[in-house]
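In what follows, a structure is listed as structure tokens, so that the remarks can point back to it.
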Amino acid sequence: MPELPEVEVVRGGLVDHVVGRRIAAAAITGTRVARRHEAGPLDLAARLTDATVLSADRRGKYLWLVIQTPDDDPHALVVHLGMSGQLLVEEAGAPREKHLHAAFDFDDDGPQLRFVDQRTFGGLALTELVPDRWPGSTHTHGVPVPVEHIGPDPLEPAYDQPAVVRALKRRHTAIKRALLDQGLVSGVGNIYADEALWRAQVNPLRETSALTKPALGRVLDHATEVMREALGQGGTSFDALYVNINGASGYFDRSLHAYGREGQPCNRCGTPIRREAFMNRSSHYCPRCQPRPRVRRAITDLSRR
DNA sequence: AACCGGCCCTGACTGC
DNA sequence: TGCAGTCAGGGCCGGT
């Protein structure tokens with residue numbers, strides 16, 4: 001499941017293998033992959049033809065190629081990998097993958113760029129670039145319109161952790177839901193949210209406004225740290241012609257303390273890790289190190305009156 | 001306005 | 001063996 005570290009690995013692959021090349025032909029299969037491109041798949045393919053890739057950029061889990069056509073301003077080809085999306089760099093003659101949705105040929109006759117996605121939660125869209133509203137932004141071409149509402153991720157200079165802590169203090173929602181809200185801080189998905197909360201010893205259901213600012217800071221510090229560690233390991237595991245999202249699989253095996261460990265002993269205290277349904281997902285936590293919040297007194301009192 | 005739940009999608013797995 | 005049901009979850013959308 002691509003979260004920030006996996007998407008960053010893919011971005012690095014695009015920098016190495018795609019940036020600087022000119023698209024000669026784009027083939028989009030079906031309509032679902034381009035559902036966020038309002039003008040449809042044929043328009044998307046047509047407008048990418050003869051476009052030169054200027055850069056590969058990322059914020060959180062959003063990835064985009066800045067492309068330049070001869071008679072237009074730079075635009076963004078936004079790529080979201082969703083749950084199962086992959087970008088592959090392969091020879092044009094390579095067998096078609098079962099869930100191949102898009103293929104790009106380049107005018108240097110080098111390898112193709114392909115978008116493969118089994119579950120098509122991901123997709124492609126060509127959008128305008130707008131100035132980034134966050135101070136300290138390093139996105140020199142701006143950000144795509146669909147990324148405007150996405151908060152900076154912890155690995156970019158525009159990330160302002162004290163500001164995020166202040167925003168969390170004003171929220172009245174569970175800390176895990178807040179971590180998964182990409183508008184506040186981006187890049188954290190279900191796996192790293194569970195890991196960060198385990199490391200910080202905070203229950204996923206704790207109210208953000210009820211946590212102290214130092215505790216909120218610790219949660220964010222751990223989220224940042226766990227993603228940095230995953231990136232450090234994931235970045236070593238793809239070869240030259242294969243830009244893969246699965247760089248973190250080895251990391252999962254060795255380093256996860258909470259996610260996917262239901263019933264196994266907590267690595268701090270030995271208590272079996274518990275899994276609970278939350279937001280149509282699962283939360284994994286140690287019931288001893290991360291005790292459930294007490295009854296929400298204010299809400300309970302109100303309901304009794 | 002903030003918050004929350006439902007939905008999309010397909011392959012792997014489980015239980016009868 | 002086959003088949004129905006469940007699970008995985010990022011992001012968007014609509015209801016409260």
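Every chain is numbered from 1, with letters handed out A, B, ... down the list of sequences.
Atom CG of A:Leu179 is separated from atom P of C:dG11 by 14 Å (rounded to the nearest Å). In this structure, A:Asp153 places its CG atom 16 Å from C1' of C:dG10, rounding to the nearest Å. Atom CZ in A:Arg281 sits about 12 Å away from atom P in B:dG5, given to the nearest Å. Separating the CD1 atom of A:Ile175 from the P atom of B:dC4 is a distance of 13 Å, rounded to the nearest angstrom. To the nearest angstrom, C1' of C:dC12 lies 11 Å from CD1 of A:Ile150. Atom CG in A:Asn280 sits about 13 Å away from atom C1' in C:dT6, given to the nearest Å. With rounding to whole Å, A:His284 atom NE2 is found 7 Å from C:dA8 atom P. What separates CG of A:Leu81 from C1' of B:dC9 is a distance of 16 Å, to the nearest Å.
Put simply, the side chain of A:Arg119 and the base of C:dA8 share a donor and an acceptor less than 3.5 Å apart.
Phosphate contact (OP1/OP2 of B:dA1, side-chain N/O of A:Arg170, threshold under 4.0 Å): absent. Residue A:Ser84 places none of its side-chain N or O atoms closer than 4.0 Å to OP1 or OP2 of C:dA8. The shortest distance between the side-chain N/O atoms of A:His99 and the OP1/OP2 oxygens of B:dC9 is not below 4.0 Å. The shortest distance between the side-chain N/O atoms of A:His80 and the OP1/OP2 oxygens of C:dG10 is not below 4.0 Å. Contact between the side-chain N/O atoms of A:His149 and the OP1/OP2 oxygens of C:dC12 is found at a separation under 4.0 Å. Phosphate proximity of B:dG5 to A:Arg177: present, with a side-chain N or O under 4.0 Å from OP1 or OP2. Distances shorter than 4.0 Å separate none of the side-chain N or O atoms of A:Ser282 from OP1 or OP2 on C:dC7.
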Residues A:Leu4, A:Val188; criterion side-chain contact (heavy atoms from CB on, under 4.5 Å); working and verdict: CA-CA 7 Å; A:Leu4 184 154; A:Val188 182; over 6 Å; no

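For A:Arg32, the side-chain atoms get nearest to B:dC9 when compared with the rest of B:dC9, B:dC3, B:dC4. In this structure, of B:dG11, C:dG10, B:dC9, it is B:dG11 that holds the atom nearest to the side chain of A:Lys98.
The nearest heavy atom of DNA chain B to A:Gln118 and to A:Arg171 marks one nucleotide each, and the one closer to the 5' end goes with A:Arg171.
As judged by a 4.0 angstrom heavy-atom cut-off over every strand, A:Arg35 is placed among residues making no nucleic acid contact. Using a 4.0 Å heavy-atom distance criterion, A:Asn190 is classed as a sugar-phosphate-only contact. A:Tyr62 comes within contact range of the sugar-phosphate backbone alone, with a heavy-atom separation under 4.0 Å but no base atom that close.
Residue pairs satisfying the side chain to side chain donor-acceptor pair (under 3.5 Å) criterion with at least one member in residues 174-187 of chain A, sequence neighbours excluded, are listed as follows: A:Arg171-A:Asp181, A:Lys176-A:Asn190, A:Lys176-A:Asp194, A:Lys176-A:Ser283.
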What donor-acceptor contacts under 3.5 angstrom involve side-chain atoms of residues 47-56 of chain A, with partners at least two apart or in another chain?
{"from": "A:Arg47", "atom 1": "NH1", "to": "A:Asp43", "atom 2": "OD2", "distance (Å)": "3.4"}
{"from": "A:Thr49", "atom 1": "OG1", "to": "A:Ala45", "atom 2": "O", "distance (Å)": "3.0"}

Would you give me the side-chain donor-acceptor pairs under 3.5 Å for residues 67-80 of chain A, sequence neighbours excluded?
{"from": "A:Gln68", "atom 1": "NE2", "to": "A:Asp72", "atom 2": "O", "distance (Å)": "2.7"}
{"from": "A:His75", "atom 1": "ND1", "to": "A:Asp73", "atom 2": "O", "distance (Å)": "2.8"}
{"from": "A:His80", "atom 1": "ND1", "to": "A:Gly82", "atom 2": "N", "distance (Å)": "2.9"}

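Among residues two or more places apart in sequence or in another chain, the salt bridge (charged side-chain N to carboxylate O under 4.0 Å, His left out) test is passed with A:Glu262 by A:Arg275. In this view, A:Asp132 and A:Arg59, A:Ser137 satisfy the side chain to side chain donor-acceptor pair (under 3.5 Å) rule, not counting sequence neighbours.
A:Glu195 contributes no side-chain N or O that, together with a main-chain N or O of A:Leu256, makes up a donor-acceptor pair within less than 3.5 Å.
Checked against the 6.0 Å centroid threshold, A:His141 and A:Trp64 do not count as a close aromatic pair.
The overall bend of the helix from B:dA2-C:dT16 to B:dC16-C:dG2, read as the angle between its terminal helix axes built from five base pairs each, is 50° when rounded to 10 degrees.
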